[in-house]
Amino acid sequence: MGALILVLAAALLFGAAAILLVGCVAAGFGITYSSGIALNFEERLVFGTVLGAMAVSVVSFVLSMVVRDVTLGTVITGVAVAVGAGAGVAIVNRDRVAADLSDAIARWAAPPRTAGHPWPLAAVFLVCGAWTVHFLHQAYVIKPEGLWAGYINIWGDWAAHLTFAGSFAYGHNFPPQYPIDPGNHLGYPFMIDFLAANLIPLGSSLPTALVLTTGLLGLAFPAVLYLAAARFADSRGAAAVAVFVFLLGGGLGFVYLAGDIVHSGIGVLAHLPREYTLNRDLNFQWLNPVLAYLVPQRSTLFGFSLALIVLLLVWLAVRERHDWKAFLFAGIVAGLMPVFHVHAYGTVVALAAFWAVFNMRKEWVAFFVPALLLAIPVLAWMWPPANNSVCGANISLYGYCPEPGWLSYTDWLRDGVLSFPRDVAWFWIKNTSLLIPLLIAAHILRRWFPTAFPKWFAPMWLWFLVPNVIVLQPWDWDNTKFFIFWALLGSIMVGGFIAGMVRRWPWSAAFASVLLVLLCLSGALDLARASDSSVSSYQFTDTKGMQVADWVRQNTAPDAVFAVADEHNSPIPTLSGRRVVSGYPGWLWTYGLRDYARKQSDEAAILRGDQNTADLVDRYGVNYVLIGPQELAPARAASQAYWQQHGTLVYSNGEYSVFRV
């Protein structure tokens with residue numbers, strides 16, 4: 001009866017989209033029983049939400065590859081197959097399901113002070129969920145003047161996700177290629193956006209589809225982290241601390257709040273004037289993980305959770321001496337991970353390899369064989385065609401740039417090489433507060449942990465040390481894609497240390513509270529500011545931009561190619577799902593594409609109507625040219641007169657004109 005009420009509530013809130021959202025949870029819950037590992041009911045529900053979303057995505061993607069489209073049939077069939085598989089496994093294990101449910105009811109019905117009561121999980125979910133729902137309800141807002149994004153990184157990064165999801169939903173983008181650089185395989189982990197595309201046939205708009213899928217996995221992640229940490233550290237307190245150490249992570253930038261209050265008065269607390277975890281002028285580079293990753297880089301919604309789930313399953317399989325079945329399940333999930341999040345896959349496989357060296361068992365074969373065989377062909381297909389790292393006058397190691405101390409190099413170059421140790425140490429203290437000292441303390445006092453997790457965590461220091469020496473991405477800030485997994489698992493270490501300290505010395509609770517304030521205050525301030533639309537919202541496009549996107553989507557072929565301004569928020573790729581000759585160059589550079597600069601130049605020539613325009617139109621198969629405010633801006637100086645003479649005007653709303661070539 002309770003499950004039926006939840007389904008009906010979801011249907012009332014989300015309409016037909018509830019078919020997919022509830023289907024993900026139902027499918028994943030049953031699939032967890034395939035692992036052969038004894039999880040509790042809450043773990044199956046929470047981990048299952050992520051695994052179910054993964055299963056629905058994979059099945060429906062295979063179907064969409066067959067028909068070269070996302071249709072109501074592919075979506076419903078994909079959900080039905082995934083739910084059917086989960087239900088089948090649950091039926092086979094119905095005695096275990098009944099026992100898990102009875103155990104959960106007993107634990108929740110017990111007094112809250114009872115050992116093992118799950119009230120901290122509820123508290124984490126409610127606190128994090130309240131912020132998530134508030135933040136996402138204003139992610140995209142349609143106002144009389146157009147479409148508004150509720151946060152700078154939604155205005156920026158989600159434009160790429162609109163583009164990718166729209167290319168699946170409206171552009172028949174199968175096999176996937178970059179819609180903003182056609183002809184190149186879509187190497188960005190795209191499954192989170194394909195999952196969003198599956199909501200379009202169910203009646204969701206494209207922006208709403210992004211919000212709903214972010215909500216599904218964003219609400220699940222704090223619970224995933226809590227439950228994984230509770231297992232790794234064998235402590236509810238450690239798990240709760242770990243969640244907030246990670247999600248509210250930041251540095252010492254909160255000290256500037258006092259100056260802001262002195263300068264502008266106490267009223268600044270109502271509408272914070274700046275970000276306190278990111279200030280590049282002062283070399284604060286560690287933007288809060290929610291705002292740096294979980295919000296803008298939507299693939300981390302899968303990546304962070306899947307990394308924790310798979311690592312926990314492997315950890316339990318080794319410690320509890322499970323047979324090959326548990327390792328095989330974890331290996332299959334790991335093998336599917338590259339299209340969901342490449343860096344999470346690399347972290348899982350590499351860390352598991354360290355664990356295997358120190359815990360030799362033949363069952364590891366059942367993990368690594370599927371983890372590698374399933375992933376390697378996908379990685380080869382997704383691998384970027386070029387390394388776009390630019391080392392300038394500095395030395396290069398096989399195309400990668402050494403950068404000792406990562407972004408602290410600007411400090412020690414200014415102060416002199418002799419200041420290197422001091423500047424690097426201070427850089428990381430001011431950017432991550434006491435995270436590193438507490439991590440070191442957790443290793444020294446590892447006996448405070450009921451488990452041996454500090455030993456299992458130790459290899460993760462490589463994820464910190466190596467990116468502190470060499471830049472592994474075209475943009476050096478993107479080394480955070482490695483640091484972030486060190487911080488994710490490191491938060492469990494810090495949680496275990498603080499919980500262990502309070503457990504041994506109850507009088508230290510006040511000191512522990514001070515540590516948490518120092519660790520979390522900057523991040524909390526930035527999350528508060530990000531959820532304040534009065535200071536964080538930006539116009540994505542105006543009403544006429546939305547109109548031209550609607551017309552293009554309804555009146556042009558799904559595989560039509562447009563020449564447009566290479567702005568990130570051009571309405572054609574982001575809202576109509578159509579391909580463009582070349583999109584925003586800042587993305588294409590980091591994606592490792594080698595031809596974007598030439599395409600960018602050629603697209604600008606087409607807009608201007610240069611002498612070789614006819615040849616360029618033929619070369620790139622351009623079907624339409626958009627002339628709007630971005631194209632007419634001085635940076636591109638598109639020629640409307642040229643296209644009035646050489647194209648056929650098929651649409652105009654006074655601001656945007658579409659010419660058929």
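Just so it is clear, the structure is predicted and the values come from calculations on it, not from any experiment.
- Within the 4.5 Å cutoff, the side chain of Val46 has no heavy atoms near those of the Tyr226 side chain.
- Ring to ring, Phe464 and Trp486 are close: their centroids are under 6.0 angstrom apart.
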Side-chain donor-acceptor distances from residues 328-343 under 3.5 Å, at least two apart:
residue, atom, partner, partner atom, Å
His341, ND1, Ala344, N, 3.0
His343, NE2, Gln473, OE1, 3.2

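- Counted within 6.0 Å of CZ on Arg236, heavy atoms from surrounding residues, nucleotides or ligands total more than 12; the atom is thus considered enclosed.
- Ring geometry for Phe497 against Trp448 counts as parallel: the plane angle stays under 30°, on a 0 to 90° scale with 60° as the upper cut.
- Contact check for Trp463 versus Thr347: side-chain heavy atoms found under the 4.5 Å cut-off.
- The two atoms that bring Leu308 and Ala228 nearest to each other are CB-CB, 4.2 Å, heavy atoms only.
- Side-chain contact annotation: Thr451 with Arg319, donor-acceptor N/O pair under 3.5 Å absent.
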With ring pair (Phe, Tyr, Trp, His ring centres under 6.0 Å) as the test, would you mind laying out the steps for Trp364 and Trp355 before giving the verdict? CA-CA 10 Å; Trp364 280 110; Trp355 291 356; 7.6 Å; no
Walk me through it: do Cys24 and Leu20 pass the test side-chain contact (heavy atoms from CB on, under 4.5 Å)? CA-CA 6 Å; Cys24 290; Leu20 185 140; 4.0 Å; yes
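- Ring centroids of Phe29 and Phe41 are separated by less than 6.0 Å, placing the two rings close together.
- The aromatic rings of Trp477 and Tyr293 sit parallel, their planes meeting at an angle under 30°, below the 60° perpendicular limit.
- Checked against a 6.0 Å centroid threshold, the rings of Trp505 and Phe511 do not count as neighbours.
- Contact annotation: the side chain of Asp532 never approaches that of Leu272 to less than 4.5 Å [non-hydrogen atoms, C-beta and beyond].
- A cation-pi geometry, defined here as NZ or CZ lying under 6.0 Å from the six-membered ring centre and within 45° of its normal, does not hold between Arg422 and Trp426.
- Of the possible polar contacts, one joining the Ser531 side chain to the Ala528 backbone as a donor-acceptor pair under 3.5 Å is found.
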Would you list the atom pairs, donor with acceptor, under 3.5 Å between side chains in residues 114-126 and any protein atom, with sequence neighbours excluded?
residue, atom, partner, partner atom, Å
Thr114, OG1, Pro111, O, 2.8
His117, ND1, Trp119, N, 3.0
His117, NE2, Arg107, O, 3.4
His117, NE2, Trp108, O, 3.3
His117, NE2, Ala110, O, 3.2
Trp119, NE1, Pro112, O, 3.4

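- No close placement of the Phe482 and Trp406 rings is indicated, their centers lying 6.0 Å or farther apart.
- The heavy-atom pair separating Leu282 from Lys430 by the smallest distance is O-NZ, 2.6 Å.
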Apply side-chain contact (heavy atoms from CB on, under 4.5 Å) to residues Leu257 and Leu269 and explain how you reach the verdict. CA-CA 9 Å; Leu257 176 63; Leu269 295 177; 4.1 Å; yes
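- Ring-plane geometry between Phe457 and Phe453 is classed as tilted, the angle between the planes lying from 30 to 60 degrees on a 0 to 90 degree scale.
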Test side-chain contact (heavy atoms from CB on, under 4.5 Å) on Val348 and Phe367; report intermediate values, then the result. CA-CA 11 Å; Val348 164; Phe367 173 80; 4.1 Å; yes
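- With hydrogens and angles ignored, the 3.5 Å screen pairs no side-chain donor or acceptor of Asn153 with any backbone N or O of Pro296.
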Go through it in stages, so that I can follow the logic: the residues are Phe246 and Val494, the test is side-chain contact (heavy atoms from CB on, under 4.5 Å), and I'd like the CA-CA distance, side-chain angles, deciding distance and then a yes or no. CA-CA 10 Å; Phe246 182 72; Val494 172; over 6 Å; no
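- Counting non-hydrogen atoms of other residues, nucleotides and ligands closer than 6.0 Å to CH2 of Trp461 gives a total above 12.
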